[in-house]
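Predicted model, so just to flag it, every value in this text is computed and none were measured.
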Amino acid sequence: MTANLTDTSLWIRRFHPAQDAPARLLCLPHAGGSAPFYFPVSQALSPGIDVLAVQYPGRQDRRTEPCIESLPELADALVEQVLPWTDRPLALFGHSMGASLAFELALRLEQRGTVPLVVFASGRRAPSRSRDETVHLRDDDGMVAELRALSGTDAQVFGDEELLRMVLPAIRSDYKAAETYRHTARARLAAPIHVHVGTDDPKATLDEARAWGEHTESEFEMHTYPGGHFYLNNHAPRVISAISQQISSLLPQQG
């Protein structure tokens, strides 16, 4: 199946098209996140890797669309959009909620006969490690307090009341999807899983992150960084370098 490289969809954003790259990287945002969060990743990896970023419904230019409040349903919708891009090796990178979604998406891709090159799970506990979380049930002030604590939202948003009220419904829906997600599939991935996590992440202890190894039949690696849930904001060059090296090492060697 071959992608029409001149097209973009509502779901898939391609900031720096790399027509001749040997592999693609699909990036899945965190709760409340959007595709442009990965613009720096695309900029850094192009033209060696063709980076695709997912834009969920209910935000930015898709704000008039209803949000999807279930990760399995989101994965069901997304897999149809991703399949046309699997004409070359495809790696998945998801942060926080995006990591759980990457796992669900990988399961569906493998069911369709496409094994991802590697699944990068960032800042998220393993699917088999659930918690009882109810942030999505808080009032607006409670949601804002959570976002401030995690330091993952642009500071400008907190200073713009109108903008904040505009984005909170999408954030709440994403939190509901992430917090109500329960792992049900018994199948393990054929794809390798590489975990990246902050050593002080309140959303994923090192033990919870290490449990991702239970979800693959292939290799498992774990990389830790000083910092909390959004450790990658302070360690972006190191994370991007690791992703690039790991993808390159898994590609068939030429010659």
Side-chain angles (χ1 to χ4, degrees), residues 1-9 11-29 35 37-54 75 78-95 98-124 187-197 209 212-213 215-225 232 235-255:
M1 190 174 296
T2 303
N4 182 345
L5 302 184
T6 63
D7 289 346
T8 57
S9 72
W11 288 85
I12 308 295
R13 306 301 161 90
R14 215 163 160 238
F15 300 118
H16 305 90
Q19 315 285 21
D20 299 322
R24 292 195 168 106
L25 174 68
L26 181 77
C27 298
L28 302 153
F37 180 79
Y38 290 108
F39 184 93
V41 177
S42 174
Q43 189 174 44
L45 292 178
S46 179
I49 297 173
D50 191 26
V51 177
L52 312 174
V54 172
L78 183 56
V79 69
E80 301 300 333
Q81 305 296 322
V82 173
L83 281 169
W85 299 92
T86 58
D87 58 319
R88 66 190 71 176
L90 178 71
L92 308 181
F93 179 95
H95 180 67
S100 298
L101 180 57
F103 175 72
E104 288 290 329
L105 177 60
L107 285 173
R108 286 155 177 77
L109 287 171
E110 293 190 357
Q111 289 168 358
R112 303 290 190 92
T114 296
V115 177
L117 187 67
V118 57
V119 175
F120 296 106
S122 168
R124 187 66 175 169
R188 298 205 292 178
L189 293 180
I193 297 177
H194 290 195
V195 167
H196 295 257
V197 65
W212 277 97
H215 297 279
T216 177
E217 298 285 355
S218 185
E219 67 171 0
F220 170 76
E221 291 185 10
M222 182 163 145
H223 306 261
T224 61
Y225 306 80
L232 68 178
H235 301 284
R238 182 178 163 195
V239 176
I240 291 170
S241 176
I243 290 172
S244 178
Q245 292 175 15
Q246 289 157 1
I247 289 177
S248 294
S249 70
L250 292 167
L251 288 173
Q253 298 301 309
Q254 300 297 319

Within-4.5 Å side-chain heavy-atom neighbours: V54 and Y38: no
Tell me every residue that passes side chain to side chain contact (heavy atoms under 4.5 Å, CB included) with A35, counting only those two or more places apart in sequence or in another chain. R13, F15, A53, Q55
Below 4.5 Å, heavy atoms only, C-beta onward: do L78 and L28 meet side chain to side chain? yes
Taken in chain and number order and not counting sequence neighbours, the residues that satisfy salt bridge (charged side-chain N to carboxylate O under 4.0 Å, His left out) with E110 are none
When you measure from the side chain of S248 to the backbone N and O of S244, does any donor-acceptor pair fall under 3.5 Å? yes
Heavy-atom closest pair, residues I247 and A23: CG2-CB, 3.9 Å
Give the minimum heavy-atom separation between H215 and I193, together with the two atoms involved. O-CD1, 3.8 Å
Give the C-alpha distance, both sets of side-chain angles, the deciding distance and a yes or no for side chain to side chain contact (heavy atoms under 4.5 Å, CB included) between Y225 and V239. CA-CA 9 Å; Y225 306 80; V239 176; 3.8 Å; yes
Kindly give the heavy-atom pair with the smallest separation between D50 and H16, and that separation in Å. OD1-O, 4.1 Å
Go through the structure and list residues passing ring-ring contact (aromatic ring centres under 6.0 Å, His included) with H95, not counting sequence neighbours. H229, F230
Heavy-atom side-chain proximity of P47 to D20 below 4.5 angstrom: no
Pairwise distance SG(C27) to CZ(F39) - rounded to 0.5 angstrom: 13.0 Å
I'd like to check the ring-ring contact (aromatic ring centres under 6.0 Å, His included) partners of H223; sequence neighbours left out, ordered by chain and number. H196
With distance as the sole criterion, is a donor-acceptor pair present between the side chains of Q245 and S241 under 3.5 Å? yes
Taking C-beta and beyond as the side chain, do I243 and F93 meet within less than 4.5 Å on heavy atoms? yes
May I have all residue pairs that pass salt bridge (charged side-chain N to carboxylate O under 4.0 Å, His left out) and include part of residues 98-108, sequence neighbours excluded? D76-R108, E104-R108
Mind checking salt bridge (charged side-chain N to carboxylate O under 4.0 Å, His left out) for R188 and listing every partner two or more places apart, or none if nothing turns up? E217
side-chain hydrogen bond (donor to acceptor under 3.5 Å, both in side chains) with E80: which residues, sequence neighbours excluded? R112
Would you name the heavy atoms of A191 and P116 that are closest together and state the gap between them? CB-O, 3.3 Å
Out of curiosity, R124 CZ to L101 CG, how far, rounded to the nearest 0.5 Å? 11.0 Å
Testing the basics here: between R238 and T224, what is the closest heavy-atom pair and its distance to 0.1 Å? NH2-O, 3.2 Å
Please enumerate all residues that pass side-chain hydrogen bond (donor to acceptor under 3.5 Å, both in side chains) together with S46, with sequence neighbours excluded. none
Treating R24 as the side-chain partner and L52 as the backbone partner, does any N or O pair qualify as donor plus acceptor under 3.5 Å? no
Applying the side-chain contact (heavy atoms from CB on, under 4.5 Å) criterion to L25, which one of L45, L90, L117 satisfies it? L45
Grab the two heavy atoms, one from P192 and one from T216, that are nearest each other, plus how far apart they are. CA-OG1, 3.8 Å
Please examine the side chains of V115 and L189, heavy atoms only from C-beta on, and report whether any two atoms are closer than 4.5 Å. no
Rounded distance (nearest 0.5 Å) linking atom CD1 of I240 with atom CD1 of I49: 10.0 Å
Which residues share a salt bridge (charged side-chain N to carboxylate O under 4.0 Å, His left out) with E219, sequence neighbours left out: none
